[in-house]
Amino acid sequence: MKKLTSLTAAILALFAASLFSACSEDSLDTDYDDLIIGQWLQLNAADTDQSFVMTFNEDNTMHFANAVFANAQTGMVWYESAGFSYTIADDNTLKISGTTESGIQFLQESQINYMAGDVASLTTLVYSLDGMRIPELEGVTGLIQRAPDKTQELVGVWSGKEPGAGAIQYYYDFRADHSMVYYEKNGEGWDVYNYELYYPYGEFIAWFWKEANNPADPYIYRGYQMKQSFSKTQITCTRRVHGSITEEFIMTRAEAKDLPKL
């Protein structure tokens, strides 16, 4: 079998995440064809780095979006794979099929248990890569949630301090093109990091940066969960690492005039 890439690994985690729910009865006349349209997020309960976004379109095409390792020079990139299609049968079976970026033929059939508001429960019935069934990923029930693009709500200047960082101040200048300039106060002035990227979906933000602020360096990736339902004035971002261990920082809405004068 071909070597699995990060995108394929994310697909493998689609309904094998540690979020579980009990199956429930739902009427077969529910119009899931309309309800499923849009962006959905799978948040891994143990590590947000394993989270990813999937989008179902009205023309029955779909794609996954997640962090993928490109190469040693580029590092991690936010990859949008559009080579998939889906159908929903009369018995509420969701069939997803397509070819991954590495040429692997992917097939997954799942039972839609319910879609209640912004949450859906699905149970995997068939999971196949290059025609080979993977039994350990079948029979798994998982939750997904709606994840609208939050770029426009995040664009602008935010300030913050990281817990335990003392009086060190930070500024984040989010741009509409998904780039971000990061300002960090040091003992003598300000350090500016120009090579940062962000992709916000629902309660999740995919964040990339170059540690040495050098365009030739690879990107480092971290996925964060945005708490407080994305307040217009304050956001608490938490990265879950191996269960109970977390990284957290708080951002407060600021203005362009508040940015450091360099």
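Note that the structure is a prediction, hence the values are computed from the model and not measured.
Listed for the D59 side chain is a donor-acceptor partner under 3.5 Å among the backbone atoms of T61. Although no hydrogens or angles enter the test, the distance criterion places no donor-acceptor pair under 3.5 Å between the side chain of E58 and the main chain of G38. With hydrogens and angles ignored, the 3.5 Å screen pairs no side-chain donor or acceptor of K150 with any backbone N or O of G202. No donor-acceptor pair under 3.5 Å is formed between the side chain of D34 and the backbone N or O of D31. A donor-acceptor pair under 3.5 Å is absent between the side-chain atoms of D173 and the main chain of M180, judged by distance alone. Put simply, the side chain of D130 gets close to the backbone of Q105: a donor and an acceptor are under 3.5 Å apart.
Between V181 and E196 the shortest side-chain heavy-atom distance does not fall below 4.5 Å. Contact of the Q39 side chain with the V53 side chain is registered, since non-hydrogen atoms from C-beta on lie closer than 4.5 Å. In this structure, the side chains of L129 and F106 come closer than 4.5 Å at one or more pairs of heavy atoms. Between S128 and Q108 the shortest side-chain heavy-atom distance does not fall below 4.5 Å. When side chains are defined from C-beta on, L143 counts as touching V119, because their heavy atoms get closer than 4.5 Å. Contact annotation: the side chain of F208 never approaches that of I220 to less than 4.5 Å [non-hydrogen atoms, C-beta and beyond]. For the pair Y171/Q169, a side-chain contact is recorded, criterion being any heavy-atom separation below 4.5 Å from C-beta on. Looking only at side-chain heavy atoms (C-beta outward), L41 and R146 stay at 4.5 Å or farther from each other.
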### Task
Determine, stepwise, if the pair E211 / Y195 fulfils side chain to side chain contact (heavy atoms under 4.5 Å, CB included).
CA-CA 9 Å; E211 188 170 26; Y195 305 102; over 6 Å; no
### Derivation and outcome, side chain to side chain contact (heavy atoms under 4.5 Å, CB included), residues F56 and I96
CA-CA 10 Å; F56 295 91; I96 299 173; 4.3 Å; yes
### Task
Report the C-alpha distance between V192 and N213 in whole Å, list the side-chain angles of each, state the deciding distance to 0.1 Å, and finish with yes or no for side chain to side chain contact (heavy atoms under 4.5 Å, CB included).
CA-CA 8 Å; V192 182; N213 199 36; 5.7 Å; no
### Query
Going through the checks in order, is the side chain to side chain contact (heavy atoms under 4.5 Å, CB included) test met by I235 and I250?
CA-CA 6 Å; I235 304 171; I250 298 174; over 6 Å; no
#### Entry: Candidate pair N113 and T141, rule side-chain hydrogen bond (donor to acceptor under 3.5 Å, both in side chains), full reasoning
CA-CA 9 Å; N113 302 314; T141 299; 4.5 Å; no
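Residues F249 and Y170 keep their aromatic ring centres 6.0 Å or farther apart. For Y198 and W209, the ring centers are positioned 6.0 Å apart or more. Checked against the 6.0 Å centroid criterion, the rings of F204 and W40 do not qualify as a close aromatic pair. In summary, the aromatic rings of W207 and Y199 are positioned with their centroids too far apart to meet the 6.0 Å limit.
Hydrophobic clustering, with ILVMFWY side chains joined whenever heavy atoms are under 4.5 angstrom apart, groups L122 together with I37. When hydrophobic clusters are built by joining Ile, Leu, Val, Met, Phe, Trp and Tyr residues whose side-chain heavy atoms come closer than 4.5 Å, directly or via intermediates, L107 is not grouped with V140.
Taking the six-membered ring for Trp and thresholds of 30 and 60 degrees, Y182 and Y193 have ring planes inclined between 30 and 60 degrees apart.
The 12-atom threshold is exceeded at NZ of K210, counting heavy atoms of other residues, nucleotides or ligands nearer than 6.0 Å.
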